Every structure is written in C-alpha cells, then in structure tokens.
Amino acid sequence: MKNPGTPSPIGVFDSGIGGISVLAELIKALPWEKFVYFADTLHSPYGTKPEEAVRSLSLKVTEFLAGMGIKSLVVACNTATSAAINEIRRMCPFPVIGMEPAIKPAVELGSAGKILVMATPLTLKSRKFNELVHHYQHRAEIVPVPCVGLVEIIERNPSCSQEVEAYLSHLFSSVSAEDISAIVLGCTHYVLIKKEIAHVVGDKITIIDGNSGTARRLRTVLQNARLLNTVNAEKSPIPVMAQVTFYISGIEREERLAQCKQLLRKEGIFCEEPVS
Ligand code: DGL
C-alpha cells in the first residue's frame, strides 16, 4: 500500500550505530515516515578528530543524503552537530535538526548536586557546548566528563556489558554518587548503554538523554513546514514494519546492518526497505 502525502524520506546520520538510539525515537514518534540512515563507520569515531575534519565529513554525508531527496535531516550525533550544524543548515534547503546535550532538562529537575555531562572530547571542547554551559552555570554545577575510547567499545559490541561496565567503573571511580543529581548523555552512542551506566552509578542518579526531545522537535518542525506525511493517523493503523534504508560507509557492512536492525528490534521496531 502506498502512503498518500509527502513521500520523501527523512535523513538521519551518525558516525556509527549511536544514531540508531535517535532513529528508534523518531520512528516511534513518526511511524508513517520513511527514513534513510547513514552510519559513517569508515570514519568513526568523530569525537577524537579535529573539528575541521568532522565538519568536512559531516558535510559530505549531508551532501550524500540530500542527493537521496530527503525532506529533512536529523544530525543524530552531538559531535557532528557541535562541529558543523551551521554549515549543514546553510547547505540544506530543508529543515535540519541537531543534537545537543540535554543540560536544560537536567537543570530543570532542580535537584541539588552536580550535573555530569558525558560526551566526546570534541563536543566538550566546542564553542556550542561551552556557550550552553555558560547559559546554565548559575543554576547548577555542570561537570564535563570526556569519555575517550567509549564510542569504540560500543561500536565493537554494544551488548558487551562487561567491557562497558569496566570502562564506566574506572571513569566514575573518583566520583561520589551523593554529590551528583543527574548525568546527561551528550553522545548518542551512550544512550545504547544507559542500563550499564545506571548499574554502575546506582539508581538514585537521573540519567537524561535528548532523544525523545529531538523526536518531538522534528515532528513540530515538519508539521509547521507542512512536510509531515499526511496519512490520517486515526484511520490508518501504525505500520508493522518501519521503512528504513541503511547506508554504511565502512567495512563489514552486513554485520553492521545486522547490528543496526538488532538495536532497533530491542526497541520493538522491525524494519524493511521502503518500496519507492
Ligand atoms: N554518536 C556520536 C555523538 O553523539 C559519537 C561521536 C564519535 O563518533 O565519537 O557524539
């Protein structure tokens, strides 16, 4: 059955599988839309590269996705957003949504204690992040926590809890849980290991990511631009299969593709290639 309404897909990209955590929320919020997901695994990780290199890679991926006829783009990567969102917006004639560490909701919790922001070194160094911290630092103590090497562990095997927990135990070894009110996941890869983070830091600390906020924002932006698929959601049942086309730039594409689909299945999402 062909959907009426706007048939063009929504582009989503990340340096690897991290953006799948965002894609899952986008599919839940917009189940009638088609998606094109690009994992730039050939150049992963982005977070330890120079800003200029990440900007150039992000623009190349954007150009590729724009060539696929997308109607909107979600930069499902905090690092690419910090390095290149202005340039990406300048080159796109359609709406572009970026990611930013969810410091605002963490501050608005109003709890006493530090807010830790886990992110890549490049995100934490960026001007965008430092402006965000500056904006909220009178309301809470915000502590950047660079997580060098964590993206690589997750990319190798997102379900290897042992390796992830060993990394996290070391990372938080000098931190006292009583002093912390919240941890912000400022990298979309870390959302895939939320359970392990909770296991290591304990359940008294709120762990916040920006993924559902990003999905809500995309919905509003598409609605305002009259770009939402116009299927009448009340009359049509939610499609059983999500419509996603995957592109993977690196080696072992079949394994990567299987990994992406497996991560979506964990969220109860099954997908198929859309029929154009
Ligand atoms: N998922 C990317 C982010 O949100 C990971 C960056 C990387 O490849 O280092 O920042």
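Since the model is a prediction, treat every value here as computed from it, not as a measurement. Ligands are counted one by one from 1 in listed order, and the atoms in each one are counted from 1 as well.
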Among protein heavy atoms, which sits nearest to atom 7 (C) of ligand 1, and what does the distance come to when rounded to 0.1 Å?
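It is Tyr46 N, 3.2 Å.
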Check whether any side-chain N or O of Thr220 sits under 3.5 Å from a backbone N or O of Arg216 as a donor-acceptor pair, and report yes or no.
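Side chain of Thr220 to backbone of Arg216, a donor-acceptor pair under 3.5 Å: yes, one is there.
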Between Thr79 and ligand 1, find which residue part has any heavy-atom pair under 4.0 Å and reply side chain, backbone, both or neither.
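Near ligand 1, Thr79 shows its backbone as well as its side chain.
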So, [X] and [Y]: side-chain donor and acceptor under 3.5 Å apart, yes or no?
X	Y	answer
Tyr46	Asp40	yes
Asn211	Ser21	yes
Gln243	Glu272	yes

Any N or O of [X] closer than 3.5 Å to N or O of ligand 1:
X	answer
Thr120	no
Asp14	yes
Gly47	yes
Thr48	no

May I ask you to list the atoms of ligand 1 that are less than 4.0 angstrom from any heavy atom of Ser15?
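So the atoms of ligand 1 that pass are 5 (C), 6 (C), 7 (C), 8 (O).
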For residues Phe13 and Tyr37, establish whether the separation of their ring centroids is below 6.0 Å.
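No, the ring centres sit 6.0 Å or more apart.
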Indicate the ring-plane relationship of Tyr247 and Phe64, choosing parallel, tilted or perpendicular according to the 30° and 60° boundaries.
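Aromatic pair Tyr247/Phe64 classed perpendicular.
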